Amino acid sequence: QRIAEYEAQRIAEGREYLIGLKTGYRYEKDTRVEIDPFVGLKPEDMKSVRGVCLDGPPTRQTLVLMTHLDYGKAHVTITDKAAGNDGLFPPLPEAIRYLEVNESSSEGIKKYDHLGKLTSLVCLRLHALCGPKIDLNLIKADAQLVYLDLSMQTLDNTDALAGLERLKYL
């Protein structure tokens with residue numbers, strides 16, 4: 001927490017620019033300590049950010065601040081830990097254009113329903129070791145989708161890809 005406040009102060013003074021933010025946690029003597037670099041940031045601080053990694057469930061404040069990213073330049077990565085205990089794909093801002101999902105455990109994302117609300121995607125990479133079947137009807141509305149990587153995924157409704165006219169890389 002103190003590190004995030006210190007970095008926010010340095011940014012406010014114009015001495016540094018943020019280019020990447022990663023949420024998560026660490027342990028200090030058996031105590032879980034949340035890491036949230038979004039604490040203390042303002043919407044204008046998000047303009048320089050080019051990468052966000054959510055390695056834990058995003059807070060409401062984090063999701064609000066993420067709406068101020070420059071989505072023409074920013075890449076968002078989420079891990080299976082972003083799903084939290086309920087296993088739901090987090091409700092990310094709809095304007096995201098570049099998204100990568102990296103799962104490393106069978107305890108991660110169980111339902112990808114919110115993925116269907118991200119209709120501005122240009123690039124989508126889904127990497128899971130043993131996740132659920134991915135219903136490709138969730139991405140059929142992504143008319144801008146050019147790059148789609150579904151490594152190690154079990155797929156359902158593959159005919160939905162036929163409507164993605166701009167898709168060049170599969």
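Since the model is a prediction, treat every value here as computed from it, not as a measurement.
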Quick check: is [Y] connected to [X] through a chain of hydrophobic side chains (ILVMFWY, heavy atoms under 4.5 Å apart)?
| X | Y | answer |
| --- | --- | --- |
| Leu65 | Ile19 | no |
| Leu63 | Leu69 | yes |
| Val122 | Ile139 | no |
| Leu92 | Leu88 | no |
| Leu164 | Tyr147 | no |

Q.
One pair to check against side chain to side chain contact (heavy atoms under 4.5 Å, CB included): Arg50 and His75. What are the steps and the verdict?
A. CA-CA 6 Å; Arg50 297 298 176 253; His75 180 274; over 6 Å; no
(Q) Taking Ile109's backbone N and O only, do any of them form a donor-acceptor pair with Glu103's side chain (distance below 3.5 Å, no angle check)? (A)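 Here the side-chain-to-backbone pair exists.
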Q) Can you tell me if CG on Asp86 sees more than 12 non-hydrogen neighbours from other groups inside 6.0 Å? A)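 Yes, because the 6.0 Å sphere around CG of Asp86 holds more than 12 heavy atoms from other groups.
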Q. Should we count CD of Glu44 as having more than 12 external heavy atoms under 6.0 Å?
A.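 Yes - once you tally the heavy atoms of other residues, nucleotides and ligands closer than 6.0 Å, there are more than 12.
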If every non-hydrogen atom of [X] is compared with every non-hydrogen atom of [Y], which pair is closest and at what distance?
| X | Y | value |
| --- | --- | --- |
| Gly40 | Asp45 | O-OD2, 4.5 Å |
| Phe38 | Gln61 | O-NE2, 3.3 Å |
| Leu118 | Pro93 | CD2-O, 3.3 Å |
| His114 | Pro90 | CB-O, 3.8 Å |
| Asn137 | Ala160 | OD1-CB, 3.5 Å |

Any heavy-atom pair between the side chains of [Y] and [X] that's under 4.5 Å?
| X | Y | result |
| --- | --- | --- |
| Leu126 | Asp149 | no |
| Leu148 | Tyr169 | no |
| Thr77 | Tyr98 | no |
| Leu99 | Val101 | yes |
| Ile78 | Val52 | no |
| Leu121 | Leu115 | yes |
| Thr154 | Ile134 | no |
| Met46 | Leu41 | yes |

Hey, could you give me the [atom1]/[atom2] distance between [X] and [Y], rounded to the nearest 0.5 Å?
| X | Y | atom1 | atom2 | value |
| --- | --- | --- | --- | --- |
| Glu94 | Thr119 | CD | OG1 | 6.0 Å |
| Leu145 | Ser120 | CG | OG | 11.0 Å |
| Lys133 | Asp156 | NZ | CG | 4.5 Å |
| Arg32 | Glu34 | CZ | CD | 4.5 Å |
| Lys110 | Phe89 | NZ | CZ | 15.0 Å |
| Asp80 | Leu54 | CG | CG | 12.5 Å |

Q: Would you please test Thr59 and Asp36 for side chain to side chain contact (heavy atoms under 4.5 Å, CB included) and show each step?
A: CA-CA 9 Å; Thr59 64; Asp36 188 354; 3.7 Å; yes
Q. Does the cation-pi check pass for Arg97 over Tyr71, that is, NZ or CZ under 6.0 Å from the six-membered ring centre and within 45° of its axis?
A.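 No, Arg97 and Tyr71 do not form such a contact.
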**Q.** Modelled atom types, side-chain donor and acceptor of Asp55 and Thr79, under 3.5 Å
**A.**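 A pair is found: one side chain offers a donor N or O, the other an acceptor, under 3.5 Å apart.
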